[in-house]
J.: 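Attaching a single structure in structure tokens format; questions to follow.
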Amino acid sequence: MALKLFNTVSGKKERFEPLEEGKIKMYVCGMTVYDYCHIGHARVMVGFDVITRFLRHIGYDVTYIRNITDVDDKIFNRANENGESFTDLTNRFIIAMHEDEGALGVLSPDQEPRATAHMGDIIAMTGTLIEKGYAYAAVNGDVYYRVKKFDGYGKLSKKNVDDLQSGARIGIEAHKEDPLDFALWKAAKEGEAYWDSPWGRGRPGWHIECSAMSTCCLGPTFDIHGGGPDLKFPHHENEIAQSEAATGEKYVNYWMHAGAIRVGKDKMSKSLGNFKTIREELKTYSGETIRYFLISSHYRSQVEYSPVSLNEVQSALDRFYQALRGIAITDLHTIDDNYQMRFDSAMCDDFNTPEALAVMFDLVKALNSSQIDVEKSVLAATLVRLGGILGILQQDPEVYFKSTQNNVDGAVSEEEIEAMITERASARAKKDWAESDRIRDKLMAQGVVLDDAKGVTSWRRL
RNA sequence: GGCGCGAUAGCAAAGCGGUUAUGCACUGGAUUGCAAAUCCACGUAGGCCGGUUCGACUCCGGCUCGCGCCUCCA
């Protein structure tokens, strides 16, 4: 089955050919750690997590690198406002990021290089760019990249250098040769943290750290580079310019970008201030529900994040767990190849998760309809296996349904629920339906639904 | 203004040149003491105008609308 993926450079789906047979080197732009991650970050984290899981499932040996940018103006500013050191700030938010990822079921990348740990590589690459004439040190201690010198600048984001210049709103820096030039190295201001360099004390510009870290971890050329939609320009465009000028080799074969998360009509973004942090949303929805929401649309399309869609998605997730509930899976390894094949073929088509989920729902219908225990076991095992590739359906259904995660404070305890069920059972034995229904309604009012099936009453929380 | 992406049933969201997407919601039936869950039944949807074709939601052109990037943003 041929893997096809959409390459931002060509603007179309391409058949994937790895640099090295059976291996994939992938780099994804991670967070700038000065605040909590929001749902937009979650889309990238979950999206590339699913991609990595699937690539491994079809047999690739994937090296997945996702960086942490821990030097940046915004970090310094925030640390300053807080009156703390910038390293205290970044360490705090790195821990928070890992917690958020864990809640969303995101597996750790193979490496998470930090910019501060690669200062030597950053300085070396900047030096190389100066030597090759692609960069220049200005008198104020800044180092700039000479954009016009790089042939093909704008190839990724489909921008024309002349258009950029005519519409340039880029701050005119007195020390730049050209307004389009961007900083590789910034001279330290009074009282700021700094690193020593051949151009004086300073810190790296925004884009160079990714060029340095990706080259360091994966070599000058690698297979896939991913990130959020707003990184295409200028970040990724600048990375290409830096890396290809420095190494003289092609930087990346396949560029992948996620679609934006919207809030109403607008893109969820820092600047608009309309973002929802992952941890804030986790108070209302489980990590699995948020994850499911994120994979219920294709990774490249825009999605609107709203309570309505989250609630809808929760019902869909319930359907999966309902199908799994009460089934004894006797053998996790025997699965139905037909569904696996349909699932794989959907995923091989540019990671079409909505199509893959449709296959899983077909499976659910077959599972719910089946009367044969062996068959049910195989189908349930298949469902769990496919879910695992998407990073969902790995909980025990009982735990899933009884979890208080989605409930506000003061939820009824399991003990109380069980006691009321016992009470109701004796009422039912006496055919006292009024009392039986009174108890059930009371539980319902507290978000607990009862199920009388085959003489046994089970319950779940809404 | 420049560049790019999109427009599918009540909502969400895919594939596909001619045969059921799928999920949520809704309605009827089966089941149940009544429910819940489940099963069965039910939706010719595809922005507008042209073109190609025996046939287009699917290909081509134009239009309209929406969104994104062009500045920090995942």
Side-chain angles (χ1 to χ4, degrees), chain A residues 8 11 28-32 35 37-48 66 72-74 77 154 157-160 162-171 206 226-235 237 257-262 265-273 275 292-293 296-298 300-304 306 308-309 311-323 325-326 345-346 349 352-362 364-365 367-371 401 428 431-434 436-437 440-441 444 448-454 457-460 462:
Chain A
T8 307
V28 173
C29 283
M31 318 303 141
T32 297
D35 204 347
C37 296
H38 63 236
I39 301 297
H41 297 111
R43 181 143 213 217
V44 172
M45 301 191 300
V46 169
F48 286 97
R66 195 191 56 205
D72 177 86
D73 286 353
K74 291 189 292 299
N77 292 156
S157 53
K158 318 262 188 302
K159 292 194 189 305
N160 182 299
D162 300 326
D163 293 343
L164 278 175
Q165 195 160 32
S166 59
R169 278 186 276 168
I170 297 156
W206 175 32
D230 32 24
L231 258 30
K232 237 181 271 179
F233 186 88
H235 188 60
E237 198 68 70
H257 293 92
I261 299 285
R262 279 184 297 121
K265 290 279 187 191
D266 300 317
K267 187 184 79 162
M268 179 180 288
S269 73
K270 287 282 206 191
S271 41
L272 288 177
F275 59 93
Y292 184 96
F293 166 76
S296 66
S297 64
H298 185 85
R300 273 191 289 115
S301 65
Q302 294 187 358
V303 239
E304 183 177 346
S306 74
V308 175
S309 32
N311 291 335
E312 267 188 17
V313 137
Q314 201 157 61
S315 303
L317 234 203
D318 283 352
R319 181 167 162 80
F320 279 125
Y321 274 108
Q322 202 79 57
R325 197 176 197 187
S345 113
D349 184 14
N352 192 337
T353 50
E355 181 74 27
L357 287 169
V359 173
M360 289 167 67
F361 278 113
D362 284 349
V364 163
K365 181 159 279 189
L367 171 53
N368 284 335
S369 304
S370 171
Q371 302 295 328
F401 284 119
R428 293 183 78 213
K431 294 204 195 300
D432 183 353
W433 308 128
S436 165
D437 291 350
R440 188 175 59 198
D441 291 347
M444 178 57 112
V448 176
V449 182
L450 297 187
D451 268 310
D452 299 323
K454 292 169 190 149
T457 299
S458 56
W459 59 275
R460 65 191 163 92
L462 286 179

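We name chains A, B, ... by the order of the sequence lines, and we start the count at 1 in each one.
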J.: According to a strict under-4.0 Å criterion, is A:Arg460 in side-chain N/O contact with OP1 or OP2 of B:rA36?
T.: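 Negative; the distance criterion is not met.
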J.: Between B:rA74, B:rG33, B:rG23, spot the one nearest the side chain of A:Glu312, thanks.
T.: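 Of the candidates, B:rG23 comes closest.
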J.: Indicate whether OP1 or OP2 belonging to B:rU38 is found under 4.0 Å from a side-chain N or O atom of A:Arg319.
T.: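 The answer is yes; a side-chain N or O of A:Arg319 sits under 4.0 Å from OP1 or OP2.
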J.: Does OP1 or OP2 of B:rU38 have a side-chain N or O of A:Lys365 closer than 4.0 Å?
T.: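 For B:rU38, OP1/OP2 do not have a side-chain N/O of A:Lys365 under 4.0 Å.
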J.: Using a cut-off of strictly less than 4.0 Å, decide whether A:Lys267 has a side-chain nitrogen or oxygen near OP1 or OP2 of B:rC69.
T.: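 Yes, within the criterion.
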J.: Does A:Asn368 make a side-chain N or O approach to OP1 or OP2 of B:rC39 shorter than 4.0 Å?
T.: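 For B:rC39, OP1 or OP2 has a side-chain N or O of A:Asn368 closer than 4.0 Å.
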J.: Considering just the side-chain nitrogens and oxygens of A:Arg262, establish if one lies under 4.0 Å of OP1 or OP2 belonging to B:rC5.
T.: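 So the side chain of A:Arg262 is outside the cut-off, no N or O lying under 4.0 Å from OP1 or OP2 of B:rC5.
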J.: For A:Ile39, answer base if it contacts any base atom (sugar-phosphate contacts may also be present), sugar-phosphate if it contacts only those atoms, and nothing otherwise; contact means non-hydrogen atoms under 4.0 Å.
T.: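 Answer is nothing: A:Ile39 stays at 4.0 Å or more from every strand.
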J.: Base, sugar-phosphate alone, or nothing: which one does A:Lys232 contact when heavy atoms must sit under 4.0 Å apart?
T.: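 Nothing: the residue A:Lys232, judged by heavy atoms under 4.0 Å, touches no strand.
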J.: Using purine N1 to pyrimidine N3 plus N6-O4 or O6-N4 for Watson-Crick, or N1-O2 and O6-N3 for G-U wobble, both under 3.5 Å, which nucleotide pairs with B:rA35?
T.: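 Paired with no nucleotide.
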J.: Do A:Thr8 and A:Arg300 pass the side-chain hydrogen bond (donor to acceptor under 3.5 Å, both in side chains) test, and can you show the C-alpha distance, the side-chain angles, and the key distance before you say yes or no?
T.: CA-CA 10 Å; A:Thr8 307; A:Arg300 273 191 289 115; over 6 Å; no
J.: Strictly below 4.0 Å: does A:Ser301 bring a side-chain N or O up to OP1 or OP2 of B:rC67?
T.: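 For B:rC67, OP1/OP2 do not have a side-chain N/O of A:Ser301 under 4.0 Å.
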